[in-house]
Amino acid sequence: MRYLLSEIAQIVGGELHGVDREVREVVTDSRRSVCRESLFVAMVGENHDSHRYIIDTIGRGVESYIVERIDFEGVDGDISYIVVEHSITALQHLAAHHRKGFKGTVVGITGSRGKTIVKEWIAEAAPEGLKIFRSPRSYNSQLGVALSLLMIEGDEDIALIEAGISEPNEMARLEAMIAPDIAIITSIGEEHDEGFESSKQKIYEKLILARRASKVIYNSYYTELIPHIIYGNIGYIDAVDFAPATLDDEASRINSQIVAALLHALELGTPRFDALSSASMQFNIVEGICDSVIISDGYRSDRHSLTIALDALHTTATGRPTMVILSDVEQSDPSMVTAIIRSGVDKVFVVGANSKLYKSESELLSTLTPDMIRGHAILLIGELEAVAHRLIRKSHTTTLEVNLDSMIHNLNHYRKHLSTGCRLVAMVKANSYGAGNTEVAQILQHQGVDYLAVAFADEGSTLREGGITMPIIVLNADDGSFSQMVESRLEPEIYSLRSLQTFAEAVNMQGESRYPIHIKLDTGMHRLGFMESDIEGLTEELHKQRDRVYVASIFSHLATADMGDEGRVSTESQVALFERMCRSLIEGVGYNITRHIANSAAIIHYPESHFEMCRLGIGLYGFGDEGLRPVSRLKTRIVQIREVTEQSRIGYGGAGITSTTSRIATIPIGYADGLDRHLGCGAWSVRIGGESAPIIGRICMDSCMVDITSLNGVEEGDEVVIFSEEEGNTAEDMARVLGTISYEVLTSISTRVKRIYIKE
Ligand SMILES: *Cc1c(COP(=O)(O)O)cnc(C)c1O
């Protein structure tokens, strides 16, 4: 896109302040790469206000903004901004305008499943030479669709735009922007049914996308659609009449029929199904040599794929230095290198016959030293087989894969239970329940969580070093670390008069005043905290120390909120005592104070315990309620497979005995990695290619053996999943076997197991 700010102001009905200038792209995520021609659109969402990232983006060179309020305090520089009432609506108007100016055919794609794959397949199966725009993977929401449309450059023949809805009335707004010439309904399924009164209502809503389309493509395989189709109207095309690709699964065959029906509708002949790959734009993030992370994708050389790949690089990097290795520039747009450099990548290498620097991969590899790549996040673009082969770590180490998208899903799951204005503390103690430190905290900070809580001062300091600026509470603050805490702006839990006095002293010594502290009350857990009889003395002391510290919050911890009915009486009495103790303390100190007692379980089961803030722990990591997604997956690879005769004894003590001729695989994970020894001798089964294989014999310190006799086609080097989000294979299932809780399983994964983060 290419617009003057004055044009945009007119289109969106906003007021332009500052000089007029041209902008070439819209950015809404402040973590994304930006440049001088970016237009940053600040938005206020339910849990997120990106106006607070404006200063940061100005620092990175952005000069043009759409904002809902003027928030440029203390900024100098040549900033232009358009003030609007509602940023998303403004962006949608701009997108609709941009769409109207597009001369090619717009295809809108909706459906419960298959939207992305159908979109990718259309692009692959269409005749060569057509220029096709595809909305980026999963950009299908109210915001995503607007951003997608604005990425259309104008010289494309076809634009494929995905539209996703989860509630009634959403489609009308999407349709107003997309105004598709052809609408595709890929499938009708159970997804998002909770948002709709009936399947009929959902289908009706989806068909709103087709309101103005001249053709509608559907598949009567989904019989629920049939009553909604107007027969005899040539505009409706049933994909069931088209020959499917020869693929194994039914869903793929149905999707391929839809692709064929669309090409027919566009008079583009029959599809080139031989060209189909099942690869959508999924990034492959793997461990590299020298502590690097390698990101590669099914890259196609166009600017938009590049933008998304760079986003993946920057989100994966989480503080690491970044590097891009780009191949084959003669076929791609030369401005790509400029775009890569502009996005703030630290090092860029270009390989190819036309490159001045490296004519071949081996030439590049001969100059890349370990020091140059150590610790980097490296994005590989184009065909770089030799480079990938050298950089990707092939050792069979065990990794814990942490899915940050699942974590965001879980966070939103709990937020739905909170009333508006109720704030949230995310518990990231013990290395974020084993999931890792800074990366997790960064996501939570970005998601607008109000506080983080850690157990010890050191954990908090590590987060500060990793660039976490949000408030952090330290739960087990010990006297020895008080000065360090004030230095790192960490806020202590205060649970005794002695700790209150010592901390106030540390604040004073550091030359600080009115420092926030959090008062812990003991309402029945009997671990730490002031008892009811201590409140009077506490109030007095707080008065004495009021120039040095103030109470930012009062809290207590529930002992039985996750025990169902059995724990109800004691939870309710803890909540009642908490309320009473808070009242006396607040009266005593004479100012209002935020109160919090609810943990994950209480957020769901005790709405009356929410007060002004809640503390979310285990739920964030995927356990404790229906509909959550376990975020961690512990995996490794087979290092060796051997065949043994019946009655062979496996491992220490010969404790595993084969009953038939057996195939035994050795995997490099043992109790020193956190795989509890009690899981040996068949107590736990790992998954290989989706199938179960029991651990045979005792677990060793660094490895163990699994029985793969009943599995076919398993080879050395194959991936082995120890636990995952899959039913029957979760950390909670493992905890059940061990007679413990998921918390212990998660936090027992040793720090020598590398954490890898995944984010789409
Ligand atoms: C760990 C912890 C929590 C979180 O508990 P979950 O059961 O994981 O939600 C809340 N508050 C305190 C004080 C904690 O120590």
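In this chain, residues are counted from 1 in sequence order. All ligand and atom numbering here is 1-based and tracks the order in the structure. These numbers come from the heavy atoms of this one structure, side chains and all, not from hydrogens, waters or symmetry mates.
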**Of Q574, H596, R615, K520, the residue whose pairing with H557 passes side-chain hydrogen bond (donor to acceptor under 3.5 Å, both in side chains)** =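 The option that passes is R615.
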**Message:** I want to know if ligand 1 touches G619 in the polar sense, i.e. an N/O pair below 3.5 angstrom.
**Reply:**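 Among all N and O atoms of G619, none is under 3.5 Å from an N or O of ligand 1.
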**Asked** Do G617 and ligand 1 have an N or O pair less than 3.5 Å apart?
**Response**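 The answer is yes, given that G617 and ligand 1 share an N or O pair closer than 3.5 Å.
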Could you tell me the separation between the [atom1] atom of [X] and the [atom2] atom of [Y], rounded to the nearest 0.5 Å?
X    : Y    : atom1 : atom2 : value
I519 : S553 : CD1   : OG    : 8.5 Å
I473 : M485 : CD1   : CE    : 10.0 Å
C700 : R677 : SG    : CZ    : 9.0 Å

Tell me which protein heavy atom sits closest to [atom], plus the residue, atom name and distance to 0.1 Å.
atom                    : value
atom 7 (O) of ligand 1  : Y743 OH, 2.6 Å
atom 9 (O) of ligand 1  : S600 OG, 2.5 Å
atom 4 (C) of ligand 1  : Y433 OH, 3.4 Å
atom 11 (N) of ligand 1 : R615 NE, 2.8 Å

**Message:** Could you walk me through whether T523 and S556 satisfy the side-chain hydrogen bond (donor to acceptor under 3.5 Å, both in side chains) test, starting with their C-alpha distance in whole Å, then the side-chain angles of each, then the deciding distance to 0.1 Å, before giving a yes or no?
**Reply:** CA-CA 7 Å; T523 55; S556 186; 2.7 Å; yes
**Item:** Subset of ligand 1 atoms that lie under 4.0 Å from at least one heavy atom of L475
**Value:**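 This gives 15 (O) as the contact atoms.
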**Asked** Would you say E719 has more than 12 foreign heavy atoms packed within less than 6.0 Å of its CD?
**Response**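 Yes, the 6.0 Å shell around CD holds more than 12 heavy atoms from other groups.
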**F555 vs E493 side-chain heavy atoms within contact, under 4.5 Å** =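 Result yes, sub-4.5 Å side-chain heavy-atom pair found.
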**Asked** Which residue from K429, R527, M427 reaches closest to atom 2 (C) of ligand 1 through any of its heavy atoms?
**Response**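 Nearest heavy atom to atom 2 (C) of ligand 1 lies in K429.
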**Prompt:** For atom 12 (C) of ligand 1, which candidate among H596, H557, H518 provides the closest heavy atom?
**Reply:**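 The residue whose heavy atom sits nearest atom 12 (C) of ligand 1 is H557.
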